[in-house]
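Report on the following structure.
Chain letters run A, B, ... following the sequence lines, proteins first and then strands; every chain starts at 1.
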Amino acid sequence: MINLAVFLDFKHNKLTNNSKSLLTFANSLAENHSDIHLYLYTVQTINNCNIPETIKVESITSFKVDNHIYFSTNASLDNLVSQLKNANITHIFSSKSILNDLIGAKLSMILHYELITNIKSLQVEDGRFHFSKSIFSGKAIAKMNGIVGPCIAIFPKGFTGDIIPDDQIKTKEIKINQLSSTLTSTSIIIEESLIQGEIQLSEAEIVVGAGRGLKDPQNWEIIEKLAGTIKAATACSKPVSDLNWRPHHEHVGQTGIKISPKLYIACGISGAIQHLAGVNGSGTIVVINNDPDAPFIKHADYIVLGDLFTIVPELTKLFDEV
Amino acid sequence: MKILVCISIVPDTTSKITKEESDNFLKKSDLTFIVGPYDDYALSRAIEIKESIENVEVAVLHVGLEASEPLIRKCLALGADYAIRINGDPQSSIQIANEICNYVKENNFDLILMGKEAIDYNSGMIHGLVASGLNFNHFSPVMKLEVKDQGIEVQIETDFGKSTIQCNLPAVLGCQEPIAEWKIPSMRGIMTARTKELKVYEMKNNESNFEITNESVNETNRKQILIPKENLDLLIQALKKDIQFN
Ligand SMILES: Cc1cc2nc3c(=O)[nH]c(=O)nc-3n(C[C@H](O)[C@H](O)[C@H](O)COP(=O)(O)OP(=O)(O)OC[C@H]3O[C@@H](n4cnc5c(N)ncnc54)[C@H](O)[C@@H]3O)c2cc1C
Ligand SMILES: Nc1ncnc2c1ncn2[C@@H]1O[C@H](COP(=O)(O)O)[C@@H](O)[C@H]1O
């Protein structure tokens, strides 16, 4: 018997796209294997919970936390741990986020469950989960033996690909079982700054990235306009954030964020291997560069050769007309 | 204050990954190995702290095979005081974390610095596992670190933004830039590294649930279509077809 708990993420009380696709995936596993039972959990505070009607689960356990969860100790999870034990949960799925990584690591150590990350694919055979992982920053794939026994699996963003738009699926409201955390933390928050309005890079379906080819931080206006027009998040290369032209949280690559949007448009970025390491999970890649020998060209689906200062504004205009 | 920096030894990103036709595994002999770039940030910050306040001792720890020793020596050349290698070939994050926990339990450290993630398996989990195993404070990813009033002040990234937090020690941190500038070993550092101590212990737990049975190179073939800059509408049409644009 596999009791599979899917940890769902919400944003403004709505299921995130990553959670929706993970839930759909877990549900199909449960439908195809009669020994898999599905349970829903969340570590976010929610007022109501709507899930696709096709998912045959009638309630969700909400473990109420606030921002302190980012730095509270193991003891804060006591209630959650005993709930998971009582429900006999053997497998946990969640999608990658800073919070889910923290909770996954803690639970894995407390419950002695195996921990699997960066999952590329998953099959269930003979009651075992067989995983493939993406390794070396996406350059290679490793297949693993079937895991015997309980595990916690953390799926990268966009794991199962296509997301069905909200207006095309019927949803139902399910019951919430509230569970609270006993916060134990000696840390004090001195300052908090929240990302507001802008689309979060790691969640974004479209990303516009820009590099040293922009020449000056003032010139980011054209990048922001393009991003605004196509509802994209903005990203940058490492030297750009090192120069303080752009904030560090925008830097993608081997030492920055790894992104896997449906579309990545790279403007004035040479495509050094360390940059590619962060973006090669993207669906479609467009490269705008005036150097036909830029390494990025070999890793692009569409290439526009020329001056980004004329191409980017023109592209923005054309998208605006669509 | 005792600081422990845990380092991963990983293939350099620029090395080309290949595989023999007949073999199930990637060719390791062609790869160049480096200290994980995030771990380099962690080590650099530890050394900056050592250089700026008194009574700080920095140790470097790696769980892995003897082949890693030249890279561990490089960390000593950068300014770490001594190093520990726990000998073995770990298969999972949990195994590595347990080895680190065991060592820390016997040797008491105030601050454990790691990289945000190792760039081989990109898990970013070991610092969380170690913190959980030791019940220490834990933050990741940490972008700024200052030692203040017996404790530390860190700037961290959360899923919603950034926070600056004051916390007590002991703590485990997963570091990322811009926490410090990468350092290059000095000639003197290289000379003194030879005489610094590198202790070797055996891994206590060699069993793992985990086994990689096959590795392959991931080749995403990109379309490589050139769009004339005069005809950008062709790009828009193509994108509309590839991804449902709304
Ligand atoms: C260990 C290590 C880790 C690293 N990690 C990362 C990382 O995580 N992320 C990262 O991005 N980098 C990383 N780097 C740095 C990386 O190697 C490159 O130096 C960096 O990505 C280059 O940034 P860039 O493409 O913006 O700049 P450049 O290489 O200077 O490229 C600028 C590009 O803009 C083009 N250009 C200039 N003017 C125009 C114009 N008018 N119109 C169109 N195109 C124009 C040029 O042809 C050129 O291709 C790392 C390096 C090391 C050693
Ligand atoms: N074999 C190892 N020995 C010691 N520390 C390690 C080892 N592997 C990873 N680490 C540390 O754990 C961090 C996170 O690694 P990971 O969870 O594997 O992504 C790395 O940045 C290192 O600081």
Side-chain angles (χ1 to χ4, degrees), chain A residues 70-71 73-74 97-99 101-102 105-106 108-110 114-115 117-118 134-145 147-149 186-195 248-249 254-255 262-263 273-274 277 280 283-285 299-306 311 314-315 318-319 322, chain B residues 11 13-14 17 26 37-38 92-94 119-125 128-129 132-133 135 137-139 143 153 156-168 176-178 209-218 220 222-227 229 232-233 235-236 238-239 242-243 245:
Chain A
Y70 282 95
F71 40 86
T73 62
N74 284 351
S97 72
I98 297 174
L99 182 58
D101 280 3
L102 289 177
K106 283 182 184 169
S108 157
M109 216 60 173
I110 299 170
E114 199 51 78
L115 185 61
T117 56
N118 266 305
S134 151
I135 62 171
F136 302 156
S137 303
K139 285 202 282 186
I141 298 165
K143 237 187 186 154
M144 300 183 342
N145 59 331
I147 295 285
V148 191
T186 51
S187 310
I188 310 159
I189 303 182
I190 295 173
E191 197 189 319
E192 263 186 309
S193 61
L194 303 183
I195 302 172
H248 275 274
H249 67 250
Q254 179 196 302
T255 47
K262 274 191 193 162
L263 172 62
I273 192 113
Q274 295 90 353
N280 57 16
T284 298
I285 295 182
H299 302 271
D301 293 294
Y302 301 101
I303 303 130
V304 189
L305 284 180
I311 294 166
E314 201 170 319
L315 198 57
L318 288 173
F319 273 125
V322 174
Chain B
T13 10
T14 52
I17 294 180
L26 300 172
Y38 294 100
S92 78
S93 309
I94 293 182
I119 59 162
D120 47 1
Y121 296 90
N122 311 94
S123 302
M125 282 294 165
L129 292 165
S132 182
N135 215 4
N137 281 322
H138 171 228
F139 300 95
M143 293 171 295
E153 191 176 296
I156 60 164
E157 216 174 297
T158 67
D159 293 305
F160 324 102
K162 280 179 210 157
S163 301
T164 304
I165 292 156
Q166 168 86 46
C167 93
N168 295 341
Q176 77 173 34
E177 62 128 32
N209 219 339
F210 243 60
E211 198 195 340
I212 290 175
T213 54
N214 177 285
E215 290 169 328
S216 57
V217 181
N218 186 18
T220 333
R222 297 285 172 187
K223 291 200 183 84
Q224 306 253 312
I225 297 172
L226 196 66
I227 305 275
K229 60 179 186 234
L232 287 176
D233 49 327
L235 176 62
I236 305 225
L239 290 178
D242 284 6
I243 53 176
F245 228 74

Greatest number of heavy atom pairs closer than 4.5 Å to chain A - which of [options]:
options                                : value
B:Ser92, B:Pro178, B:Pro37, B:Gly124   : B:Pro178
B:Asn135, B:Asn168, B:Ile156           : B:Asn135
B:His138, B:Glu153, B:Glu157, B:Glu177 : B:Glu177

Spacing of [atom1] belonging to [X] relative to [atom2] belonging to [Y], to within rounding of 0.5 Å:
X        : Y        : atom1 : atom2 : result
A:Ile285 : B:Lys223 : CD1   : NZ    : 11.0 Å
B:Leu232 : A:Leu318 : CG    : CG    : 6.0 Å
A:Glu192 : B:Thr164 : CD    : OG1   : 9.0 Å
B:Gln166 : A:Ile190 : CD    : CD1   : 5.0 Å
B:Asp159 : A:Ile98  : CG    : CD1   : 4.5 Å
B:Arg222 : A:Ile303 : CZ    : CD1   : 11.0 Å

Exercise. Can you say whether A:Asp101 sits under 4.5 Å from chain B via the side chain, the backbone, both, or neither, judging by heavy atoms?
Worked result: both

Heavy-atom pair with the smallest gap, counting every atom of [X] and [Y]:
X        : Y        : answer
A:Thr284 : B:Asp242 : OG1-OD2, 3.9 Å
B:Ser132 : A:Ile110 : OG-CG1, 4.0 Å
B:Leu235 : A:Leu315 : CD2-CD1, 3.9 Å
A:Ser187 : B:Cys167 : OG-CB, 3.3 Å

Identify which part of [X] has an atom lying under 4.5 Å from any heavy atom of chain A, answering side chain, backbone, both or neither.
X        : value
B:Ile227 : both
B:Ile94  : side chain
B:Ser93  : neither
B:Asn137 : side chain
B:Gln176 : neither
B:Ile119 : both
B:Leu129 : both

If you tally heavy-atom pairs under 4.5 Å against chain B, which of [options] wins?
options                                : answer
A:Ile147, A:Ile273, A:Thr255           : A:Thr255
A:Leu115, A:Thr117, A:Ile188           : A:Ile188
A:His299, A:His248, A:Gln274, A:Glu314 : A:His248

Problem set entry | Main-chain N/O of B:Glu211 paired with A:Asn145 side-chain donor or acceptor, under 3.5 Å | yes

For this session: Determine, stepwise, if the pair A:Lys139 / B:Asn218 fulfils side-chain contact (heavy atoms from CB on, under 4.5 Å).
Result: CA-CA 5 Å; A:Lys139 285 202 282 186; B:Asn218 186 18; 5.9 Å; no

